[in-house]
Undergrad: 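Mind looking over this structure? Questions follow.
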Amino acid sequence: MSIWRNMPLRAKIGVFLFGFFALVAIFGPIFEPFNPGFENQDPKFSLNPPSLHHLLGTTQLGEDVFSQVLTGTRLTFEVSLLVGLIATVLSVLIGVTAAYLGGIWDDLLSLLTNVFLVIPALPLLIVLLGYLSNEGQTPTIIVLAGLGWPWGARVIRAQTLTIRNRDFIGASRETGEPTWRIIIFEIIPNEVSLIAANFVNTVLYALGASVALAFIGIANLTSFSLGVVLYWAQNGNALQSGDWWWWIPAGLVIALMGTSLVLLNSGIDEIGNPRLRASHETGRVGGHRIWTTDPTPVLSQLTAPRSKVGQFAYSFSRSALLDRAATKNQANGAAEARTKTPTGGEIL
Amino acid sequence: MSFILRRLAFYLVAAWVAITLNFFIPRAVPGNPVQTILSKYPDLTPQAYKALSQMIGGALQHGSLWSQYTAYLSDVFHFNFGTDLANFPTPVSQILDQAIPWTLILVGTATVIAFLLGTLLGILAGWRHGGWLDRALPVLMFLQAAPYFFVALILVYFLALKGGWLPSAQGYSAQDVSPGWNWAFISNAAEHSVLPAGTIVLTSVAGWMLQMRNVMITTISEDYVVAAQAKGLSRSRIIYTYAARNALLPQLQGFGLALGFVVSGAVVMEIVFSYPGIGYNLVQAVGAKDFPLMQALFLVITFAVLIANLLVDVIIVLFDPRARTREAR
């Protein structure tokens, strides 16, 4: 439990918040007082403010907002987690493969990653989901996951490049371990904290994107995810007529869910990187604050050996600019032309 | 020039991927988009048929996939995106002409302001690491994690609907002024842009600030910064010409990559405010099953992001001596 004790307060808050929403997502719909889609035709149940009978009031059509928020929490949580899971698996697969195989594979996969990083995601999502008919959440999950991997793949590739040249990988290669075994049992365990952070980030992306898509009406509008609740609230002019109970709860749940993920991520950072912890203990000398350690992780990026074609293709990437500076200090930057750049050589 | 040229080549590849995706998506999706359109717009003219078939193919088009592809490519290169279905017979390019300035001016200005403000705050937060700006971090994280439109809706609720200080929607009030280069219209449009731009700045400033802060913290422990301190240089000189200038490079690189997010935020912003820009038109087109307009808008947005990225690269060359020396060679 020393990990838990060393965690900063905000990460603990993140764990609790996230756990709370997970519980709500699992058990919440059991406690729903009403069916979220049930429309009470009686006009006296339209747009009721919160009361004991309807804890969060009712919508224009007499639906119970509290039940909608409970169902919405489950649906949105489900989409975010599934997308996070699938996209993370994709980014690990692509990132590790690119870095470990190197050569032309690395160049092609990196090019693909960079292209998908630069093409704006939401418009592409809108175009794709505009064609796919809105049946359930499956198309949304597939499309979101299919476009959610490049950020992770990029980071994981960089990390794998630094690991693959370490001695213990060379040793296991010498002892004749097959490639898949090296990747699964030697490389991936060394990237767990990075992969976890990436998973949390991807869940955050999926949360934001799925809610935004539903809010602009590109989702199945009959199943009440949190974004859909907000879509109907916006459509029913909840804002203009001051029916705050219709849209504030769903929005707050989304915002707090997102915050819990951001907080969780800062916790993962601190576990994986003790130097960030040390940075909190800064001292003062002569009235000036001094920083004893360098608190941010320096990702020294080793460069994979490349083919001629590969090197040419790679030199088109923006990071090539700073990569060369970084490899200056690496003893094994064999294939890379060395440049005389007088810097510390840190890159992000 | 080699760095810029190489980047240009990369963006051309990216543009080609986007154009090709745009060609294959409607042809690959399950269901029949053409049938959807035909049932929704039964009285289409022959010209509209032709435009449709070139953009989305399907049963309307004859010939091999390759000939369809080349016809489509030549259309795209001539900015001929066909006829808009919902507002028939307006050409799609005319809709684009009307929508682009709104988005470009508003989102461009807001993004640049957010970037500059966030970077400045990040410099200060990184320098006074552990100071009061750091204690505001949880608030910033909340702003960063909250969905953009939720923050926007809350601001609209309080500033526009409760307070009544600012208009809550539209790009200008159509009953008072008509678009043109006159003071009445420009001031009206400016008034309408305060809330949309303000919400973009408010929600994106945190991200820039956090990134700049983290890089700043790394940079100020560098030897050359310590050396500058030991020389007794003034504090502002150390901060801005020694530390911040070097910390700015990753920030600029991030700027290029973040443009996609900026665009996404802009699309949602335009829905919240019914702002007559690209994103609003895009979502309207999806709702109306107006696929040619939808696809043209996607291409325009992508090209805009690619061009902005190229501009960022030029700026990087101006700021980074390493890139400059490579340019000279």
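Values below: every heavy atom of this structure, side chains too, minus hydrogens, waters and symmetry copies. Lettering follows sequence order; numbering is per chain, from 1.
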Undergrad: Taking the side chain as everything from C-beta on, heavy atoms only, tell me whether A:Val115 gets closer than 4.5 Å to B:Trp16.
TA: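 Result no, sub-4.5 Å side-chain heavy-atom pair not found.
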Undergrad: Go through the atoms of B:Leu21 and report whether side chain, backbone, both or neither lie under 4.5 Å from a heavy atom of chain A.
TA: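 For B:Leu21, the side chain is the part near chain A, not the backbone.
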Undergrad: Name all residues meeting the ring-ring contact (aromatic ring centres under 6.0 Å, His included) criterion together with A:Phe18; count only those two or more places apart in sequence or in a different chain, and write none if there are none.
TA: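 Checked A:Phe18 against ring-ring contact (aromatic ring centres under 6.0 Å, His included); matches are A:Phe77.
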Undergrad: Taking the side chain as everything from C-beta on, heavy atoms only, tell me whether B:Val268 gets closer than 4.5 Å to A:Leu122.
TA: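 Yes, side chains in contact.
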Undergrad: How about B:Leu306 and A:Val118: do any of their side-chain heavy atoms sit closer than 4.5 Å?
TA: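 Result yes, sub-4.5 Å side-chain heavy-atom pair found.
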Undergrad: Can you tell me which portion of A:Leu230 sits under 4.5 Å from chain B's heavy atoms? Options are side chain, backbone, both or neither.
TA: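 Only the side chain of A:Leu230 comes within 4.5 Å of chain B.
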Undergrad: Answer with side chain, backbone, both or neither: which region of B:Leu153 has an atom nearer than 4.5 Å to a non-hydrogen atom of chain A?
TA: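 When you check distances to chain A, atoms from both the backbone and side chain of B:Leu153 fall under 4.5 Å.
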Undergrad: Which atoms of A:Trp247 come close to chain B, meaning under 4.5 Å heavy atom to heavy atom: side chain ones, backbone ones, both, or neither?
TA: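 For A:Trp247, heavy atoms of backbone and side chain both lie under 4.5 Å from chain B.
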Undergrad: Using the side chain to side chain contact (heavy atoms under 4.5 Å, CB included) rule, take A:Phe215 and B:Val272 through it: C-alpha gap first, then chi angles, then the decisive distance, then the call.
TA: CA-CA 9 Å; A:Phe215 175 73; B:Val272 172; 3.6 Å; yes
Undergrad: Shorter than 4.5 Å, heavy atoms on both sides: which option in B:Val151, B:Ile154, B:Val13 has the most such pairs with chain A?
TA: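 Heavy-atom pair counts peak at B:Ile154.
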Undergrad: Mind checking ring-ring contact (aromatic ring centres under 6.0 Å, His included) for B:Tyr280 and listing every partner two or more places apart, or none if nothing turns up?
TA: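 If we apply the ring-ring contact (aromatic ring centres under 6.0 Å, His included) test to B:Tyr280, skipping adjacent residues, there are no hits.
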Undergrad: Would you check if B:Leu297 and A:Pro123 make a side-chain contact, meaning some heavy-atom pair closer than 4.5 Å?
TA: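 No, too far: nothing below the 4.5 Å cut-off.
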Undergrad: Which bit of A:Leu124 is near chain B, if near means a heavy-atom gap under 4.5 Å: side chain, backbone, both or neither?
TA: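 Both parts, heavy atoms under 4.5 Å.
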Undergrad: Determine, stepwise, if the pair B:Val305 / A:Ile119 fulfils side chain to side chain contact (heavy atoms under 4.5 Å, CB included).
TA: CA-CA 7 Å; B:Val305 169; A:Ile119 293 178; over 6 Å; no
Undergrad: Looking at every heavy atom in both A:Ile126 and B:Leu282, which two are closest together, and how far apart are they?
TA: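 Smallest heavy-atom distance, with atoms named: CD1-CD2, 3.9 Å.
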